[in-house]
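Please read the structure below before turning to the comments.
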Amino acid sequence: LAQASSREKHHQHMAGGKGRKRFSHSRRATGAVEPQKRLLGPRYRGFCPLPENFSKAAGAGAPHPGPLEVDRRCLSDISPSEFFDCFVRQRRPVVLATQQPLADLFGLHGASAAWALPGKEGVRAMRDGPAGSSVVAVEWRSTTSEAFGQSDASKRRRSTLSEFCSALEAGSELGYLTTQPIDEDDDGCPVALAAPHLLALLAGARRLRPKLVGALAPVQYNLWFGRAGEGTTSGLHHDFHDNLYVLLRGEKEFRLFSPRCADILRPVGLDQATKPCMHANGLLCYVQDIREDGAPESVLRKWRRQTQASSRGSQSNKSVFGGLNDTDDEEDRLLELALDNAIHESASEAEQETSEVGKRTASRRQQKQQPQRLPDSFCRWSTVVSLESSVGPCQPPVPSPLQGRHMTARLSAGDLLYLPASWFHEVISRGPDAGGHLALNVWFAPPSSNGSFACPYQDEFWQSKYRQLLRAARKVQEKGTTVKARRTNKVKKRVPKADTIVWQASTERERLVGR
């Protein structure tokens, strides 16, 4: 789910390629920027802080609009329906402030949330807790002058979460923990909402889908963890999912442009895409036959056939479209089973992951010999100017019509940022102490442009995909908790088919994005 259709699965779903499993339409960055034949920006029907003729106005020497700050609200003052109507439906970013984000969103309290505490206390709770033995893939850079998020997957090295925490405690600023590889089914849909280390950290959660998001369907949960004294930049890019980004430690600055700016910012994927598409909700696609909520039409057709066959057998089973009326208790119970299983399984997976490293060595060597390229959803520009060079390596400044016209969202610990799909953003992260900068985010399938709070999507596709992961947790528990049984039933990684690789396109590229 998480990888199925948004950032990376959408990334490559819409963008073109996916980390190790690169889509055949992945584009290499070229030097020159050719004029766009078809304008995409006017198709966007959501919020944009700039006027429709902002390009001409800027060229005519119009006065600078001044700093544009993202709206800030108190989380306790906004209801789920208001959140949807004022921000999700309008495709409008917002910062929501709270003092206990894990408790307010997931019902995570006390010792179960100790890993999010500031400074060394939080890092040690993460290191010494159940998640510490989980194997994670960490992106490493050679020097602090390099940027994260724009390198190949071969740059990643595996270690335990405990070992990575110890490296940060010792003062290293060279490593960054981001999105992780997750096994997939035959359709390229991930079989888990999050990697084992994050499931272990969320083991005490009362709920996995925050009440704030209503019926929006979670696609993937990720943890972003690093350390930076001067600050690091993610590079200017866009994602393919709606994003709820929760900052737990450190400081982050998001510099944003709406999807209407796509024709000027021109992400790499537009250079060779034959028929790029922008939906009314802003979702930018580089391949065809992707619905505006990110679902591939080929997968939708298969799902409809399966749904029709199933409905013939049981007409009495009424589905709850939005998932709001009902199944919270059942979902919580299944989630607990899945989390417990992930904790017990992490040790055995460590051995398996170690053996897989050797199998991938040859292919990684070949990847290293190939020239580096930007992911399709990345831009060749940067909002970071020469005066901010301490933040990291800079690319050329954004084109003149957009210089100084980005929106800014400044986050401190406890802040949440809602960012609609395909909003361009460059993230500057700072966390100089032993606690570093730590964030948790949830990607959601973007809602249809005519969706409502109760029914954000055209059909039940995304809700059914979300529930499948919970049902899978029950099956695992019924088959037993022994390591042998889990290994027998583990879904194998596979080479994706041509018609499913777009489904996998979004998240792997986002896994390469430095947050």
Side-chain angles (χ1 to χ4, degrees), residues 5-19 22-44 46 48 50 55 91 147 149-151 233-241 243 254-279 281-288 290 294 372-384 394-399 401-403 405-407 419-427 446 502 505-515:
S5 111
S6 237
R7 238 194 138 174
E8 252 323 56
K9 289 237 161 180
H10 245 88
H11 228 184
Q12 301 222 255
H13 205 178
M14 323 216 157
K18 168 191 173 184
R22 289 224 173 149
F23 181 46
S24 59
H25 290 164
S26 290
R27 269 59 85 170
R28 291 191 179 183
T30 58
V33 177
E34 299 178 358
Q36 181 74 22
K37 295 181 179 179
R38 297 191 305 166
L39 294 179
L40 300 176
R43 303 179 186 181
Y44 172 60
C48 179
L50 303 176
S55 179
R91 318 308 289 153
Q150 302 181 35
S151 61
T233 174
S234 67
L236 184 61
H237 64 282
H238 70 86
D239 302 332
F240 299 90
H241 297 90
N243 189 358
F254 282 70
R255 298 178 177 183
L256 314 175
F257 296 100
S258 83
R260 188 183 295 171
C261 302
D263 299 302
I264 296 178
L265 293 175
R266 290 191 53 80
V268 171
L270 288 184
D271 285 341
Q272 297 181 15
T274 56
K275 292 184 179 180
C277 171
M278 178 174 289
H279 292 285
N281 65 355
L283 185 61
L284 179 58
C285 309
Y286 302 128
V287 295
Q288 301 178 49
I290 304 297
Q372 293 293 331
R373 64 181 179 183
L374 288 174
D376 291 344
S377 59
F378 271 70
C379 303
R380 302 181 185 87
W381 327 105
S382 175
T383 62
V384 178
C394 298
Q395 292 184 292
V398 297
L402 294 177
Q403 288 181 11
R405 291 178 166 231
H406 57 265
M407 295 190 74
L419 189 64
S422 293
W423 267 71
F424 294 89
H425 53 285
E426 184 167 12
V427 188
V502 289
S506 319
T507 42
E508 182 60 28
R509 201 69 80 181
E510 294 172 346
R511 293 174 182 154
L512 302 179
V513 175
R515 277 288 194 279

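Starting from 1, each residue takes its place in the sequence as its number.
A donor-acceptor pair is defined here as one N or O able to donate and one able to accept, closer than 3.5 Å; such a pair exists between the side chain of Arg91 and the backbone of Asn281. Trp381 contributes a side-chain N or O that, together with a main-chain N or O of Leu265, makes up a donor-acceptor pair within less than 3.5 Å.
To the nearest 0.5 Å, atom SG of residue Cys379 and atom CG of residue Leu270 are 8.5 Å apart. With rounding to the nearest 0.5 angstrom, the NE2 atom of His279 is 11.0 Å from the CG atom of Leu40. Distance check, rounded to the nearest 0.5 Å: OH of Tyr286 to CE of Met278 gives 8.0 Å. Note that CG of Asp376 and CZ of Phe240 are 7.5 Å apart. Values are rounded to the nearest 0.5 Å. In this structure, Cys277 SG and Leu284 CG are separated by 8.0 Å, a value rounded to the nearest 0.5 Å. In this structure, CG in Leu236 is found 7.0 Å from CZ in Phe424, a value given to the nearest 0.5 Å.
You'll find the side chain of Leu402 reaches within 4.5 Å of the side chain of Phe257, heavy atoms only. Two residues are said to be in side-chain contact when any heavy atoms from C-beta on lie closer than 4.5 Å; Pro42 and Asp263 meet this criterion. For the pair Val287/Lys275, no side-chain contact is recorded, criterion being any heavy-atom separation below 4.5 Å from C-beta on. Side-chain contact between Tyr44 and Ser258 is present, with heavy atoms from C-beta onward closer than 4.5 Å.
Between His425 and His238, a ring centre-to-centre spacing not shorter than 6.0 Å is recorded.
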Could you please spell out the steps behind the side-chain hydrogen bond (donor to acceptor under 3.5 Å, both in side chains) verdict for Ser234 and Glu426?
-> CA-CA 6 Å; Ser234 67; Glu426 184 167 12; 6.0 Å; no
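Closest of all the heavy-atom pairs between Ala273 and Pro276 is O-CD, 3.5 Å.
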